[in-house]
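See below for the structure under consideration.
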2 protein chains.
Amino acid sequence: MTPVTKLVKQKIQDAMEDLTRSERQLASILMQDYPMGGLQSITKLAAAAGVSTPTVIRMARKLGFDGFPDLQDALREEVAAQIKKPISKRDAWMVDESAEHPLMRFAQVVWTNMRHTLERIDTGMFDQVAQLLADTTRPLYVVGGRISRSNADYLYNHLQIIRPNVTMLGNSANVWPQYLLDMDASSVLVIFDIRRYEAHLEKLAQIASERGVTVVLFTDQWGSPIGRCADFTFNGLVEAPSSWDSTIALQLIVEALIAEVQDARWEESKERIEELEAMFSSTRLFRNQG
Amino acid sequence: MTPVTKLVKQKIQDAMEDLTRSERQLASILMQDYPMGGLQSITKLAAAAGVSTPTVIRMARKLGFDGFPDLQDALREEVAAQIKKPISKRDAWMVDESAEHPLMRFAQVVWTNMRHTLERIDTGMFDQVAQLLADTTRPLYVVGGRISRSNADYLYNHLQIIRPNVTMLGNSANVWPQYLLDMDASSVLVIFDIRRYEAHLEKLAQIASERGVTVVLFTDQWGSPIGRCADFTFNGLVEAPSSWDSTIALQLIVEALIAEVQDARWEESKERIEELEAMFSSTRLFRNQG
DNA sequence: AACCATGTGTAACATTAATTACAGGAGCAA
DNA sequence: TTGCTCCTGTAATTAATGTTACACATGGTT
């Protein structure tokens, strides 16, 4: 989307000769902290430049704008483009196809979700949770909602191999109380709950929390109500060009966590995994690289 | 010049739990084209988010601002700071942290995996498979390996809601023969098999293929041996800075496929989903926007 | 020195934005 | 169902912004 019109900056420079003294003063301020200076109210801008508000308008008109708000719109667009530029550049590799194929459109959005999710994540908390999950003195329980249970399963699947004492809560809520009996202050409960949030899960989390269980929550950008009683919460952006949510951003965190936990317990888990491998008589078609 | 106050983005994120339905809708728009979306007039912003202007103000207050203009000032400062940064720094959103934090390193690799996976994918085949999965005259069977069964489960989980006639094969290979009896030339078998490839799965695929079943395979960049008897194969890059593989690239394809299938059968699946929703008495935190 | 032209700010005005008050409505509990 | 609470939008109100009209000032010209 190349700008049809010239940049405001350029317009100012081009028109500079035709500008009057106070207009130039204004222009100077405008250029000085470009472009944000121009996005204040006309009053503040005028005050900052030490000129009157009509001067601002007169200049805007000279530059070819309809009025001050019109100039501001142009500036806003510029800034938006400026800010988006690095991203769109990075995404350039798919731009050609993106218009054509839904898969690429989808990928585009997922990528944005990942970025924003990571920008927002608290790496300190990430480390804390990794440590928590690596602590084998703490029994681990994993549970997910109707849809998110697959993500829960993924985490369970790996952790259960890496360390002992990991339990996946059954799918039906009516068996959960049995698990709750076993949970205490040393336990950790990992919950996956994305919209639409499930009442059962919230209840589970509440009771567990009351029992002193450490609750780790994976949820979407809006946040499951469980967040209120969770000790750690990961928010992943899930909106996708689909009537379904995309859990990839969350999956990313999960995988990274698994990697961290594995690293932390490398010595202990190594033999555990080797034993397990031995049990499976899977054909070894590929070398273990790295 | 580190911001004394938290970023608006962050504030929104933190307060998300306390936000109401329409406030979240607004927040979503705000995040979506952040931060320029918030620099318009309150009227336009409200209109863009599909909420009323008072909602905007209420949220601004909840975030700790004095009013809407106060929020705007904060945004403006953020943008100004952002713009003043040298482009190179701004551009590399994760470079600063990537050296430090494993999560960012991990994300970096995953991103590369996604890119290469998409570059390599045959969009025509993608469409064909989407069509295949949307065809309800074809019974669908889904199965995965020890680890990849979570991915299989994810696909199953969604498809089973979207359309009838979807079956997830049990975890233990010894019950698979029973399913095989039901499969014929009209059936579709979706298999997830990433290293280390499992002999059971290969056997299953072979027999199914001989029975005329259409086999769709999700595997890694090296390719499961099942590829030889599969009709369609998706290869996703799975290497990660971890002793575990990352299935995110595959997950991306799966999610995109789900979106496509859902789209293709929107009319039919709509009421199916509505029925299902009705059964779950989950709290309605989000409106059904047309 | 008086005049004109141009530039500039003041002040009144119109318009739009921001805020408040209030009432209808959805969801939840008893 | 009834009553309650909490959202949420409509509409009225207030504040501000943007605009225009006009008068004063300045500087150059006759």
Side-chain angles (χ1 to χ4, degrees), chain A residues 8 15-30 37-76 195-200 202-203 206 222-223 225 228, chain B residues 8 15-30 37-76 277-278 280-290:
Chain A
V8 175
M16 196 58 97
E17 286 174 13
D18 303 328
L19 296 185
T20 66
R21 188 158 37 88
S22 52
E23 280 168 351
R24 288 183 192 192
Q25 196 172 325
L26 169 61
S28 163
I29 290 293
L30 220 42
L39 289 176
Q40 304 167 310
S41 74
I42 193 172
T43 318
K44 285 175 190 160
L45 174 60
V51 301
S52 67
T53 49
T55 303
V56 180
I57 293 185
R58 280 189 283 260
M59 191 178 86
R61 296 258 159 86
K62 269 195 189 169
L63 299 181
F65 295 102
D66 209 46
F68 183 65
D70 194 28
L71 184 149
Q72 278 199 327
D73 283 343
L75 278 176
R76 246 194 301 274
R195 68 170 183 189
R196 303 139 162 273
Y197 316 118
E198 295 177 29
H200 296 127
E202 192 180 356
K203 200 104 195 174
Q206 263 167 2
W222 305 283
R228 279 193 286 272
Chain B
V8 175
M16 196 59 96
E17 283 170 21
D18 303 326
L19 296 184
T20 65
R21 201 173 44 199
S22 49
E23 280 167 352
R24 287 181 190 197
Q25 197 171 323
L26 168 63
S28 172
I29 292 292
L30 221 44
L39 289 177
Q40 304 167 308
S41 74
I42 191 172
T43 318
K44 285 175 190 160
L45 174 59
V51 300
S52 65
T53 47
T55 301
V56 180
I57 294 183
R58 280 188 283 258
M59 192 178 86
R61 296 257 158 87
K62 268 194 191 170
L63 297 182
F65 294 103
D66 211 46
F68 182 66
D70 193 28
L71 184 152
Q72 278 198 328
D73 284 344
L75 277 177
R76 248 192 302 272
E277 293 289 353
F280 285 87
S281 60
S282 54
T283 36
R284 280 241 203 137
L285 279 171
F286 287 82
R287 74 191 64 180
N288 308 328
Q289 42 189 1

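Remember, it's a predicted structure, so these values are computed and weren't measured experimentally.
Within residues 39-47 of chain B, the residues approached by DNA chain C to less than 4.0 Å at the level of any non-hydrogen atom are Ser41(B), Ile42(B), Thr43(B), in residue-number order. DNA chain C lies under 4.0 Å from at least one heavy atom of each of the following residues of residues 52-59 of chain B: Thr53(B), Pro54(B), Ile57(B).
Rounded to an integer number of Å, the gap from Phe68(A) CZ to dT19(D) P is 8 Å. Rounded to an integer number of Å, the gap from Lys62(B) NZ to dC6(D) P is 11 Å. For the pair Arg24(A) CZ and dT6(C) C1', the computed distance is 14 Å after rounding to whole Å. For the pair Gln72(A) CD and dA17(C) P, the computed distance is 11 Å after rounding to whole Å. dC6(D) atom C1' lies 11 Å from atom CD of Glu23(B), rounded to whole Å. For Asp70(A) and dT16(C), the CG to P distance is 14 Å, given to the nearest whole Å. The CD atom of Gln25(B) sits 13 Å away from the C1' atom of dG9(D) (whole-angstrom rounding). If you take CZ of Arg21(A) and P of dA25(D), they are 15 Å apart, rounded to a whole angstrom.
Side-chain atoms of Arg76(A) never come within 3.5 Å of backbone atoms of Leu39(A) as a donor-acceptor pair (strictly under, hydrogens ignored). Gln72(A) places a side-chain N or O within donor-acceptor distance of the main-chain N or O of Gln40(A), the cut-off being under 3.5 Å. Looking at Lys62(A), its side chain never comes within 3.5 Å of a backbone N or O of Ala15(A) through a donor-acceptor pair.
For Pro69(B), the listed nucleotide lying nearest its side chain is dT19(C); candidates were dG18(D), dT19(C), dG9(C).
We find the CZ-CD distance between Arg21(A) and Glu23(A) to be 11.0 Å, quoted to the nearest 0.5 Å. Annotation: the span from Phe68(B) atom CZ to Leu75(B) atom CG amounts to 8.0 Å, rounded to 0.5 Å.
In terms of phosphate contacts, Thr20(B) brings no side-chain nitrogen or oxygen within less than 4.0 Å of OP1 or OP2 of dC7(D). Note on Arg61(A): a side-chain N or O is less than 4.0 Å away from OP1 or OP2 of dT20(D).
Listed by first and then second residue, the side chain to side chain donor-acceptor pair (under 3.5 Å) pairs that reach into residues 49-60 of chain A are Ser52(A)-Thr55(A), sequence neighbours excluded.
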Contacts under 3.5 Å, N or O only, protein and nucleotides 23-25 of chain C:
none

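Evaluation of the side chain to side chain donor-acceptor pair (under 3.5 Å) rule for Asp70(B) yields no partner, not counting sequence neighbours. By the side chain to side chain donor-acceptor pair (under 3.5 Å) test, Lys44(B) is found to be paired with no residue, residues two or more places apart in sequence or in another chain being considered.
Looking at Phe65(B) and Asp73(B), their side chains never come closer than 4.5 Å, going by heavy atoms from C-beta outward. Inter-residue side-chain proximity for Thr43(A) and Val56(A) is flagged as unmet; no heavy-atom pair is nearer than 4.5 Å. The shortest side-chain heavy-atom distance between Leu63(A) and Met59(A) falls under the 4.5 Å cut-off.
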